[in-house]
Amino acid sequence: MATVLIIGAGGVGGVVTHKCVMNSEVFTKIVLASRRIESCEKIRDQLDEGAIEIAQVDADNTDETAALIEKVGADIVINVALPYQDLTIMDACVKTNTPYLDTANYEHPDEAKFEYKEQWAKDDIFKEAEIMGLLGSGFDPGVTNVFCAYAQKHYFDEIHTIDILDCNAGDHGYAFATNFNPEINLREVSAKGRYWEEGKWIETDPMEIHMSWDYPEVGPKESYLLYHEEMESLVKHINGLKRIRFFMTFGESYLMHMKALENVGMLGIAAVEHKGQKIVPMEFLKTLLPDPASLGPRTKGKTNIGIVAEGLRDGKKRKIYIYQISDHEACYKEVQSQAVSYTTGVPAMIGAKLMLEDRWSGKGVFNMEQFDPDPFMDELNVQGLPWKVIELD
Ligand code: NDP
């Protein structure tokens, strides 16, 4: 018997809500809250009558969020609003002694930079409140961290290199659109690249390093090195690591549009004066672009996200590839969302389930790879994200 409060009724929030309803033996009361009640109503109307309750909340406001947590009697909060709300929602959880989970690390709205520093700094207050905070329980971060922990536990004595490989081969038929929140997506992709080698972070120009990778069931795709947040925690927790990189695929049309938008200043996050009004170019662009949630019914094709790890087992070299393939149309059929939201929302529900069942427990703030990967890997197979491991030579 547990009450879950899901905050953020966007693409990912919709999937988390559907999946909690499908696991109603664990999530006996489900409350979905968001800044706009209409967003919650849209998701509520996709479900059986009475399956969920909804509420309005401004999660930038800690007191308002804490009051809602108390009112609904939440046993856990799943934060799938935007990364800007991470700290206020974490504070509301501390105030009400309620366990916390999210899928993306904190970003300041006025600075395109994300890091765990401020969330890790809450470890002490989470310990004092005797609650657990699970950070980054989406796909990447999230499942990719669990894949690394699984490789470490079952396949290696030491892992020397990890490449995280994220391919979305979905086609939505638009010349340009983003599969999740455009602002978060474009900030991430247009930033400088960064990877970690021999204890140091090495910076690259955006899209400077790329390679072609042959993704099972998708085929070869050009994949570009980006900085991605799971690397920050993995370098602390994987034994013997010498290098970790993250690659993501982009189509030519996406890259061409992004470059053109950047060149004319449309990705700017500082306000500009326009006819006596202040506007933030990136926010205006978000208004013009298709809503990611609307891409669901139009998107065809697959995603394939995984890790390639190389290292030693019993003194011998070994290289393995762990990956998960999802199909956009199958995801839409199941929960009325495309695969990018699906692959994020399912792991968020699984993380919360493991916490409520005390299969993952602790006091303080944790990243995914700090727990036993086995129960999570088992749940992935059961909850719609089956994975494979293959040996590479
Ligand atoms: P959307 O923009 O579709 O949804 C975000 C939702 O948050 C919106 O419904 C919005 O509310 C709500 N929200 C925004 N501000 C507030 C606020 N102050 N108070 C309450 N609610 C608020 O984004 P996505 O669903 O695509 O992404 C959700 C999260 O998942 C993001 O943090 C994103 O970075 C993360 N993510 C993680 C991935 C991973 O693999 N780890 C992959 C993809 C996304 P409303 O509609 O009511 O205005």
Side-chain angles (χ1 to χ4, degrees), residues 5-18 31-44 54-62 64-65 68-69 77-89 92 101-107 109 112 114 119 134-147 164 166 168 177-189 226 228-231 233 246 248 282-283 286-287 289-296 303 305-306 324 326 335 337-351 367-368 385:
L5 173 61
I6 302 161
I7 303 182
V12 178
V15 177
V16 176
T17 308
H18 276 263
V31 183
L32 173 64
S34 205
R35 183 175 45 188
R36 292 175 304 148
I37 197 74
E38 309 89 87
S39 306
C40 303
E41 285 166 352
K42 229 158 79 187
I43 295 168
R44 181 192 60 190
I54 59 171
Q56 192 277 326
V57 72
D58 177 5
D60 286 322
N61 183 324
T62 298
E64 195 180 316
T65 309
L68 179 66
I69 295 172
V77 172
I78 300 182
N79 165 19
V80 278
L82 296 176
Y84 316 135
Q85 280 83 47
D86 286 2
L87 301 182
T88 44
I89 300 178
L101 176 152
D102 67 29
T103 65
N105 73 5
Y106 174 67
E107 253 185 85
F114 45 92
Q119 290 182 278
L134 183 61
L135 306 182
S137 190
F139 206 103
D140 45 341
V143 176
T144 49
N145 302 57
V146 176
F147 283 173
I164 301 167
D166 177 335
N168 176 11
T178 63
N179 286 292
F180 66 96
N181 186 281
E183 202 178 319
I184 305 296
N185 179 264
L186 291 166
R187 279 165 66 139
E188 176 178 289
V189 175
L226 300 183
H228 223 242
E229 62 203 62
E230 61 266 54
M231 294 192 287
S233 68
F246 180 96
M248 191 179 268
M282 178 73 98
E283 286 176 8
K286 187 181 170 198
T287 307
L289 289 175
D291 173 6
S294 73
L295 301 178
T303 60
I305 314 174
Q324 197 286 321
S326 286
V335 298
S337 277
Q338 35 80 1
V340 175
S341 303
Y342 188 90
T343 54
T344 310
V346 174
M349 181 281 294
I350 294 175
N367 292 92
M368 306 287 286
L385 295 175

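Order of appearance sets the numbers: ligands from 1, and atoms from 1 within every ligand. Both backbone and side-chain heavy atoms feed into the values below; hydrogens, waters and symmetry mates do not.
With respect to atom 41 (N) of ligand 1, the closest heavy atom belonging to the protein is Thr103 O, 2.8 Å. The protein atom (non-hydrogen) at minimum distance from atom 42 (C) of ligand 1 is Thr344 OG1, 3.0 Å. Nearest protein heavy-atom contact of atom 18 (N) of ligand 1 is Asp58 OD1, 3.1 Å. The single protein non-hydrogen atom nearest to atom 5 (C) of ligand 1 is Leu82 CD2, 3.8 Å, given as residue, atom name and distance. Closest to atom 22 (C) of ligand 1, if we only count protein heavy atoms, is Arg35 CB, 3.8 Å. Protein heavy atom nearest atom 44 (C) of ligand 1, with residue, atom name and distance: Phe180 CD1, 3.8 Å. The single protein non-hydrogen atom nearest to atom 6 (C) of ligand 1 is Gly10 N, 3.8 Å, given as residue, atom name and distance. Protein heavy atom nearest atom 48 (O) of ligand 1, with residue, atom name and distance: Arg36 NE, 2.8 Å.
When only interatomic distances are considered, the shortest N/O to N/O separation between Ala81 and ligand 1 falls below 3.5 Å. At least one N or O atom of Ala59 sits closer than 3.5 Å to an N or O atom of ligand 1. Residue Lys286 places no N or O, backbone or side chain, under 3.5 Å from any N or O of ligand 1. The distance criterion of under 3.5 Å between nitrogen or oxygen atoms is met by Phe139 with respect to ligand 1. The N/O atoms of Val340, backbone and side chain alike, include none that comes under 3.5 Å of an N/O atom in ligand 1. The shortest N or O to N or O distance between Gly8 and ligand 1 is not under 3.5 Å.
In this structure the side chain of Gln324 reaches within 4.5 angstrom of the side chain of Phe147, judged on heavy atoms. At a threshold of 4.5 Å between non-hydrogen side-chain atoms, the residues Leu385 and Tyr342 count as touching. Between Gln85 and Asp60 the shortest side-chain heavy-atom distance falls below 4.5 Å. By the 4.5 Å heavy-atom criterion applied to side chains, Phe246 and Thr144 are not counted as neighbours. At a threshold of 4.5 Å between non-hydrogen side-chain atoms, the residues Asp166 and Ile164 do not count as touching.
Here the OG1 atom belonging to Thr17 is positioned 3.5 Å from the CD1 atom belonging to Ile6, to the nearest 0.5 angstrom. Atoms CG and CG, on Leu134 and Leu101 in that order, are 4.5 Å from each other to the nearest 0.5 Å.
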May I have the step-by-step check of side chain to side chain contact (heavy atoms under 4.5 Å, CB included) for Met349 and His18, ending in yes or no?
-> CA-CA 10 Å; Met349 181 281 294; His18 276 263; over 6 Å; no
### Derivation of the side chain to side chain contact (heavy atoms under 4.5 Å, CB included) call for Lys286 and Asn181
CA-CA 8 Å; Lys286 187 181 170 198; Asn181 186 281; 3.4 Å; yes
- Would Thr343 and Val143 count as a side chain to side chain contact (heavy atoms under 4.5 Å, CB included) if you check the C-alpha gap in whole Å, the side-chain angles of each, and the deciding distance to 0.1 Å? CA-CA 9 Å; Thr343 54; Val143 176; over 6 Å; no
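Under 4.0 Å from ligand 1, heavy atoms of Val12 appear from its side chain as well as its backbone. Residue Pro141 touches ligand 1 through backbone and side chain together, judged by heavy-atom distances below 4.0 Å. In Ala104, the part holding a heavy atom less than 4.0 Å from any atom of ligand 1 is the side chain. Neither the backbone nor the side chain of Glu38 has any atom closer than 4.0 Å to an atom of ligand 1 (non-hydrogen atoms only).
For Tyr84, there are no ring-ring contact (aromatic ring centres under 6.0 Å, His included) partners, not counting sequence neighbours.
Of all atoms in ligand 1, listed by their number and element, those nearer than 4.0 Å to a heavy atom of Ser34 are 9 (O), 10 (C), 11 (O), 12 (C), 20 (C), 21 (N), 45 (P), 47 (O). Shown in contact with Gly11 at under 4.0 Å from a heavy atom are these atoms of ligand 1, numbered in order with element: 3 (O), 25 (O). Counting atoms of ligand 1 from 1 in the listed order, those under 4.0 Å from a heavy atom of Val57 are 19 (N), 20 (C). Of all atoms in ligand 1, listed by their number and element, those nearer than 4.0 Å to a heavy atom of Asn181 are 2 (O), 23 (O), 26 (O). Proximity to Ala9 (heavy-atom distance under 4.0 Å) selects the following atoms of ligand 1: 9 (O). Below 4.0 Å from some heavy atom of Ile184 lie the following atoms of ligand 1, by number and element: 34 (O). Shown in contact with Ser39 at under 4.0 Å from a heavy atom are these atoms of ligand 1, numbered in order with element: 45 (P), 46 (O), 47 (O).
Test Asp58, Thr88, Ile69 against Glu64 for side-chain contact (heavy atoms from CB on, under 4.5 Å) and you get one pass: Asp58.
At distances below 3.5 Å, at least one donor-acceptor pair connects side-chain atoms of Gln119 with backbone N or O atoms of Tyr106. Judged purely by atom type and a 3.5 angstrom limit, Thr62 has no side-chain atom pairing as donor or acceptor with the backbone of Ala92.
Asp86 and Asn105 form no side-chain donor-acceptor contact under 3.5 Å, judged by distance and modelled atom types alone.
Ligand 1 is never approached by Pro292 to a heavy-atom distance shorter than 4.0 Å.
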